[in-house]
Structures are given as structure tokens and as C-alpha cells.
Colleague: 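One structure is given below, represented as C-alpha cells, and several questions about it will come after.
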2 protein chains.
Amino acid sequence: MARRTGRRPGKPDTREAILDAARTAFAERGFDAASIRAIAATAGVDPALVHHYFGSKDQLFLAAMNAPVNPGELIPRIVAGDRDGIGERLVRLFLGVWDSPAGTAGVALLRSAMSNEWTARLLREFLVTQVLRRVLDHLDVDPAELPLRGSLVASQLIGLAVMRHVVRLEPIASAPAETLVAVVAPTVQRYLTGDLPT
Amino acid sequence: MARRTGRRPGKPDTREAILDAARTAFAERGFDAASIRAIAATAGVDPALVHHYFGSKDQLFLAAMNAPVNPGELIPRIVAGDRDGIGERLVRLFLGVWDSPAGTAGVALLRSAMSNEWTARLLREFLVTQVLRRVLDHLDVDPAELPLRGSLVASQLIGLAVMRHVVRLEPIASAPAETLVAVVAPTVQRYLTGDLPT
DNA sequence: GTCTATATTCCGATAGAC
DNA sequence: GTCTATCGGAATATAGAC
């Protein structure tokens, strides 16, 4: 969470209560279906107060997505290490983040991106500039292959997240993270550093 | 995206026009956001007529999903053949269906399942009973491993479909199908018949 | 800073005329 | 079969009183 400089509006925790309720609502219903009224009710405030703080539903969504996780400090921990273990470390970190409270924002972004174009763009840019590029930059592979390798990794990891947290297909939905790490890591490792048939 | 089929001479099949408009609308906006009024407008009919034909929005969705593809006759074509080529044939069939006009219904179901619980259940049951079980029944592997193998296959294939047709992450979104078949087939083959680390 | 009241728009569904 | 008219409800957002 970024430090709060400058003006602190209202009671200190009212704003955080709204953001928390917003993340939960967006995660459970997606951007369009989540309503400011319901978010305000959960946070115990008036709907008009949400507008007062955040201006619009779009800005509320952005504010709710901003806090939870910072790839800039997580990714370096997985690219540092032996090259053959990068797939395993990436899958383990990925599942860990989604299983943590911070994962709520991920589910919210994922659900929203499915039926709302501007949140889909948000997800694309997050994946490309915050995750994939940071990982791929540290691999010594043909630069021409990087985009394909990156989107293949994304397809497997996002597919995993969708099945585990949105569609909830068993046994993936309830399996221990390490079980999934063991079986999926080889796939991600091959997409990252393996031979890609042309 | 006007998907107006022109009027048939002598037999204006308005019912099919409605179903076609419905599939497109559900594919582009998901179940909740797609409106009967907009579907009726696209089909060139009155909104009340849609209710007259289909009774409710739920039933309209079911009718729109029902037509397009029948796994019962497609799957046998991929389980018949050498065991080591099942992954490749499955990925090729999967991508082919999604790239065809029938894929519109798939995108509709996928988008809807992300923010609507009963369509999510529809997707789960379709995957399990219509696709995965038909494929896995013909493999000679430990029955206890079938659910995990099946959901792993689903996670990779659905992730691929999400990236190609919903989030539209490049280069997966525009790559030739055979390019993706070549790189993803080994993954699916391993999930189906390979050794799964315990 | 907080909330009441409201403007505006859109939704699914129904009743009933032709 | 097809459409006009409408009911009942929920949404975002704004204006303005305390």
C-alpha cells in the first residue's frame, strides 16, 4: 500500500472499507454487474459518498486494482536463480498470489476483462508490461520468439486461474497449490526456454 | 457487428434470425450485459416477439447454445487413431471449432460463465460430460488420475480460447491455428497420457 | 463530510389489440 | 404471428440540504 501523503479525507478507514468492498464486489460479479449501491451497502456508507471519494465507477475500479500486488518486486525473486527452475518458481508464485487476499483483485480484473473491453485492455497491458516482459527479459532466447513464448505462458497460467477461481472446475479448484505446481511447471518451463516447433 | 442474414424469399425465418443475433450479442457482451431489446433490434423484430418465441432470457440463451456443435460426433474422430497423436488432434479440432462460425456460441458461453453462476455451471457440465469424459474414456491410464488430467487439459485449452478470442493477447489472437497446434499439442498430450509427478 | 432526493436511462416481462 | 403500451425495478450520477 502506497503511503498516504497530503489530504486524508474523512475517517481514515472509510476509504479503505470502500476499496475493500469494491474489490470483493468486482471479484464476485465483474465490473458491469457490480453496483456502487451494493458496494456502499457492504462498506456501510452512502452510495453518494463513493462518488464523492472516487468520482466515477471507472476510477473506483482503478483504485481498487492499484493496491494489491506489485510485480516489480516479486518477479525479480523468480528470475534470480537457475534457469531450469524458473517455470516452477513462476507457477508457485502465481498460484500463491491468487490464493492470497491479494488474489481478490486478480479475480476482479479477470472476471471484468471477460465482458468489458477497457478492463480487458487493462489486463493485457498488465500481463505484457508488468509480468511477461519482466520475466522474458532475463531469458537468453531468440528475441523473435519472445511474444509467442509470453502469450503461451499467459494462456496456461490464466487458464489455470480461470479454472481454479472463476469456473471452479474440480479437482483444480480445490487441489493443493503444490500439486498444480508439480504438473504445470514443466509446461511453463517448456514455453519459456524449451524448443518451440515451427 | 451487424450479422443480419438477409430475408429468405417466401419464408422469413425470424426465429433463426433471433437466435443468430442472440449468439452474437451473448458472445460480444456476455449473458448479463446482452439485452433482449438489442438482440431484437439486430434481428429486426420486436422485443416482445423474442419473449413470445423463447419465453425468457434464460431459455433464449439455452436455445442459442444448443445448435452449433455436437461433441458426440466430433470427439470419436480424435480418439480413433494412434494414442500419441491424441493431443495434436484434440488441439487442432478445438481451435478449428472456435475459429468457425460455431465458435460464436463458445465465446458466448465462455464470456457468460465468467460473471454468471448458472452459465458457469453450464460450461462445467459441458466440459466434463461432453468433452473430457468422452476423450478420457478411451485412454488407458490410472482412473484415479482422470479428473486431474481432464481439468489440466481444460485449463490449457480454455486458457488458449480466452487469450485468442476474448482477451485477444497477441500473437496468440492472430496466429495461424497450426502454429498453436504445434506448440500446445505436446502440453495436452502430456496432460492426457504422460507421467504426472505426484 | 455525509446523506436525501432526484434526474435520466435502461432492463425483463406481461397484457392485449390487430 | 406481430406489435403497442406499460409495469416494476435497478442502475449511475448529480444537486444541494445539513
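Letters go in sequence order (proteins before strands), and every chain restarts at 1.
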Colleague: If I take atom CD in residue B:Q59 and atom P in nucleotide C:dG12, what distance separates them, rounded to the nearest angstrom?
Modeller: 15 Å
Colleague: Counting only heavy atoms not in A:D195, do more than 12 sit closer than 6.0 Å to its CG atom?
Modeller: no
Colleague: Below 3.5 Å, can you tabulate the donor-acceptor pairs from side chains in residues 138-146 of chain B to any protein atom, sequence neighbours excluded?
Modeller:
| residue | atom | partner | partner atom | Å |
| --- | --- | --- | --- | --- |
| B:D142 | OD1 | B:A144 | N | 3.0 |
| B:E145 | OE1 | B:R149 | NE | 3.2 |
| B:E145 | OE1 | B:R149 | NH2 | 2.8 |

Colleague: In whole angstroms, how far is the P atom of C:dG1 from the CG atom of A:D46?
Modeller: 15 Å
Colleague: Hey, does the side chain of B:Y53 come within less than 4.0 Å of D:dT2's phosphate (OP1/OP2), counting only N and O?
Modeller: yes
Colleague: Quickly work out the B:H52 NE2 to C:dA13 C1' distance and round it to whole Å.
Modeller: 14 Å
Colleague: Name the pairs: protein N/O against N/O of nucleotides 14-18 of chain D, kept only if under 3.5 Å.
Modeller:
none

Colleague: Would you say B:F54 and B:L19 make side-chain contact, with heavy atoms under 4.5 Å?
Modeller: yes
Colleague: Among residues at least two apart in sequence or on other chains, which ones pass side chain to side chain contact (heavy atoms under 4.5 Å, CB included) with A:F94?
Modeller: A:W98, A:L157, A:A161
Colleague: Once you round it to whole Å, what is the distance between C1' of D:dG1 and CZ of B:F54?
Modeller: 14 Å
Colleague: Rounded to the nearest Å, what distance is computed from the CD1 atom of residue B:I18 to the P atom of nucleotide D:dG1?
Modeller: 13 Å
Colleague: Cut-off 3.5 Å, no hydrogens considered: what does the side-chain donor-acceptor table look like for residues 173-185 of chain A, sequence neighbours left out?
Modeller:
| residue | atom | partner | partner atom | Å |
| --- | --- | --- | --- | --- |
| A:S174 | OG | A:E170 | OE1 | 3.0 |
| A:S174 | OG | A:E170 | OE2 | 2.7 |
| A:E178 | OE1 | A:R92 | NH2 | 3.0 |
| A:E178 | OE2 | A:R92 | NE | 2.7 |

Colleague: Applying side chain to side chain donor-acceptor pair (under 3.5 Å) as the test, list every pair that has at least one member in residues 61-75 of chain B; sequence neighbours left out.
Modeller: none
Colleague: Side chains of A:Y191 and B:T187 only: does a donor on one sit below 3.5 Å from an acceptor on the other?
Modeller: yes
Colleague: Which pairs, protein N/O on one side and nucleotides 7-11 of chain C N/O on the other, fall under 3.5 Å?
Modeller:
| residue | atom | partner | partner atom | Å |
| --- | --- | --- | --- | --- |
| C:dC11 | OP1 | B:S35 | OG | 3.1 |

Colleague: Counting C-beta onward and ignoring hydrogens, is there a side-chain heavy-atom pair between B:R29 and A:S115 closer than 4.5 Å?
Modeller: no
